[in-house]
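Source: prediction; values computed, not measured. The chains referred to below are lettered A, B, ... by the order of the sequence lines, with proteins before strands, and numbering in each begins at 1.
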2 protein chains.
Amino acid sequence: MGLIETRILTDHVYETIKLMIRDGALRPGAKINKKELESQLGVSQTPINDALSRLAGQKHIEQRNRRGYFVRKYSCKELVDLFAARGAVEGMATRLAVENASDAEIEQITHFFAEVSFPLSEAAYHAYERTDREFHSLLIEYSRNAIIQEMNEQFGYIVRTATTGLVRPPDETIGEHRAIIAAIRDRNARLAGELMTEHHLRSRDVLVKDCRD
Amino acid sequence: MGLIETRILTDHVYETIKLMIRDGALRPGAKINKKELESQLGVSQTPINDALSRLAGQKHIEQRNRRGYFVRKYSCKELVDLFAARGAVEGMATRLAVENASDAEIEQITHFFAEVSFPLSEAAYHAYERTDREFHSLLIEYSRNAIIQEMNEQFGYIVRTATTGLVRPPDETIGEHRAIIAAIRDRNARLAGELMTEHHLRSRDVLVKDCRD
DNA sequence: TGTTTCGATTTTGTATACAAAAATGACAAT
DNA sequence: ATTGTCATTTTTGTATACAAAATCGAAACA
């Protein structure tokens with residue numbers, strides 16, 4: 001690689017594979033071909049194996065005895081479960097954020113979703129998606145809770161790989177988002193947290209219907 | 001190393017090291033000596049490296065560039081954060097458990113902490129500790145939420161390694177435990193969940209005081 | 001006593017080797 | 001067409017090798 005090796009090879013391989021999973025180059029359930037990665041990345045078996053073990057530790061991939069590594073595939077039920085878990089974690093994150101954030105940070109959050117008006121153009125729809133992501137990750141950041149942030153890193157990405165776009169349309173979620181923001185503005189930590197939890201649980205309800213049980 | 005190799009060596013090494021961390025044979029902050037593990041477990045570098053990478057993926061240990069692996073050491077702040085996170089996750093677990101559990105399972109939960117009376121003998125104190133652990137993990141099991149269960153596996157063990165015994169004395173927590181159980185018996189999912197969350201947040205408040213900030 | 005220097009030793013990160021298991025695929029028999 | 005057999009190829013899990021970096025320790029110095 002570069003002349004100055006700042007990171008070890010394993011780290012590089014690890015992040016490359018992680019991105020390949022997130023961007024769909026490696027699809028859920030797909031077998032991971034080590035030899036291919038080897039020549040593709042120009043490294044030996046060892047860093048590949050290390051990176052794969054690391055990913056297996058994070059359960060992003062799974063090792064099946066004597067047949068190699070496979071990209072983890074989430075069942076419909078697991079996705080439903082994910083939204084309940086996210087509801088719990090982000091609810092608490094929101095509550096803590098309201099308790100800890102500075103006035104300026106609260107002010108900043110207030111501006112999210114301020115100028116959304118319907119009907120949404122194609123571009124505005126995508127902007128809504130982006131704002132949604134930023135809103136949620138900002139609250140997790142402002143929670144200042146290292147464990148919650150770790151949980152989000154571990155489990156938050158699943159939504160990106162396993163679902164496409166928004167679970168519910170903007171005209172259904174905008175009201176909830178604005179209610180959460182109002183509670184944040186009022187520094188009502190408990191209420192803001194509860195609203196966030198219910199927000200996710202409502203998305204969960206939508207996903208449950210899509211599951212063939 | 002039996003005649004029939006049912007698990008791969010890496011799995012065996014992984015679990016051995018994990019236990020060594022949980023039982024304190026490898027203390028937080030300690031450097032992990034690969035060569036030593038090699039001869040101790042009678043395997044080559046490779047399975048050791050794979051197991052260590054796996055543990056690093058789970059953040060149980062951390063890899064410092066060119067100086068090896070170290071058992072992760074949790075700061076006081078991180079422990080405080082852990083209890084807020086647990087409050088969120090177990091609160092939701094409790095809520096889901098009440099929604100999903102059968103009558104028999106609810107009945108079973110009702111018996112926890114039933115015959116605790118004060119003052120506690122040494123033995124009764126340890127029994128209380130055990131009941132506490134069982135109570136919490138049973139609720140997580142009965143939540144039937146795979147993601148929450150995974151989160152608990154990843155993060156729940158930290159309490160074992162980083163704290164000794166109970167954070168608060170039984171005579172302080174017994175009331176909270178019984179209130180949670182009462183809400184569960186009444187099938188009041190929301191209330192039971194909230195009480196569980198507050199239960200953990202109160203332990204968190206105790207830990208905050210121990211932190212020199 | 002307490003530092004600093006510097007060579008010897010250990011450990012790390014990476015590469016390579018290889019037996020055994022699994023996947024593949026051509027061919028034969030239904 | 002489907003199924004079964006079995007030799008060939010690929011891949012896996014594990015072991016070993018090795019240059020470069022980090023650590024250690026003793027000697028030299030303050």
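Between Arg64(B) atom CZ and dG13(C) atom P the separation is 12 Å, expressed in whole Å. Atom CG of Asn33(A) and atom P of dT11(D) are 5 Å apart (whole Å). We find that CD1 of Ile61(B) is positioned 11 Å from P of dT12(C), with the value rounded to whole Å. The CD1-P distance, from Ile8(B) to dT12(D), rounds to 12 Å in whole Å. Look at NZ on Lys34(B): it is 13 Å from C1' on dA21(D), rounded to the nearest Å. Distance CG (Leu9(B)) to C1' (dG13(D)): 8 Å, rounded to an integer number of Å. Atoms CG (Asn65(A)) and P (dA20(C)) sit 17 Å apart, rounded to a whole Å. Distance, Tyr69(B) OH to dG13(C) C1': 9 Å, rounded to whole Å.
Among residue pairs with one or both ends in residues 140-158 of chain B, those qualifying as salt bridge (Lys or Arg N to Asp or Glu O under 4.0 Å) are Arg72(A)-Glu150(B), Glu105(B)-Arg144(B); sequence neighbours excluded. Under the disulfide (SG to SG under 2.5 Å) criterion, the residue pairs touching residues 10-100 of chain A are Cys76(A)-Cys211(A), with sequence neighbours excluded. Note on residues 54-101 of chain B: pairs passing ring pair (Phe, Tyr, Trp, His ring centres under 6.0 Å), not counting sequence neighbours, are His60(B)-Tyr157(B).
Residues meeting the salt bridge (Lys or Arg N to Asp or Glu O under 4.0 Å) test with Glu172(A), sequence neighbours left out: Arg168(A). Remark: His200(B) pairs with His136(B) by the ring-ring contact (aromatic ring centres under 6.0 Å, His included) rule, at least two apart or across chains. The side chain to side chain contact (heavy atoms under 4.5 Å, CB included) test applied to Ala97(B) returns Leu139(B), Tyr142(B), not counting sequence neighbours. Legend: residues meeting salt bridge (Lys or Arg N to Asp or Glu O under 4.0 Å) with Arg64(B), ordered by chain and number and at least two apart, are Glu62(B). Listed by chain and number, the residues in a side chain to side chain contact (heavy atoms under 4.5 Å, CB included) with Ala25(A) are Met20(A) (sequence neighbours excluded).
Of the two residues near DNA chain C, Ile32(B) and Ser44(A), the one whose nearest nucleotide lies more 5' is Ile32(B).
Among the heavy atoms of the strands lying under 4.0 Å from Gln63(B) are primed sugar atoms or P, OP1, OP2 only; no base atom is included.
The aromatic ring centroids of His177(A) and Phe112(A) lie 6.0 Å or more from each other.
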Any protein N or O atoms within reach of nucleotides 17-19 of chain C? Criterion: under 3.5 Å, listing atom names and distances.
residue: dA17(C); atom: N6; partner: Gln45(A); partner atom: OE1; Å: 2.7
residue: dA17(C); atom: N6; partner: Gln45(A); partner atom: NE2; Å: 3.3

Provide a list of protein-nucleic acid N or O atom pairs under 3.5 angstrom, restricted to nucleotides 7-9 of chain D.
none

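Salt bridge Lys77(B)/Asp81(B): present, at least one basic N to carboxylate O contact under 4.0 Å. Taking 4.0 Å as the cut-off between side-chain N and carboxylate O, Asp23(A) and Lys18(A) do not count as a salt-bridged pair. Salt bridge absent: Arg54(A) and Asp50(A) never bring a charged side-chain N and a carboxylate O closer than 4.0 Å. A salt bridge links Glu198(A) with Arg95(B); the closest basic N to acidic carboxylate O contact falls under 4.0 Å.
If you take OG1 on Thr131(B) and CZ on Phe135(B), they are separated by 10.5 Å, rounding to the nearest 0.5 Å.
Side-chain N/O atoms of Lys35(B) include none lying less than 4.0 angstrom from OP1 or OP2 on dT9(C). Between Thr10(B) and dT14(D) there is a side-chain polar atom (N or O) within less than 4.0 angstrom of OP1 or OP2.
Non-hydrogen atoms lying under 4.0 Å from DNA chain C are contributed by Thr46(A), Pro47(A), all within residues 46-55 of chain A.
The terminal axes of the helix from dG2(C)-dC29(D) to dT30(C)-dA1(D), fitted over 5 pairs per end, subtend an angle of 20° to the nearest 10°.
Taking only side-chain atoms of Arg67(A), from C-beta outward, the nucleotide of dT16(D), dA22(C), dT11(D) with the closest atom is dA22(C).
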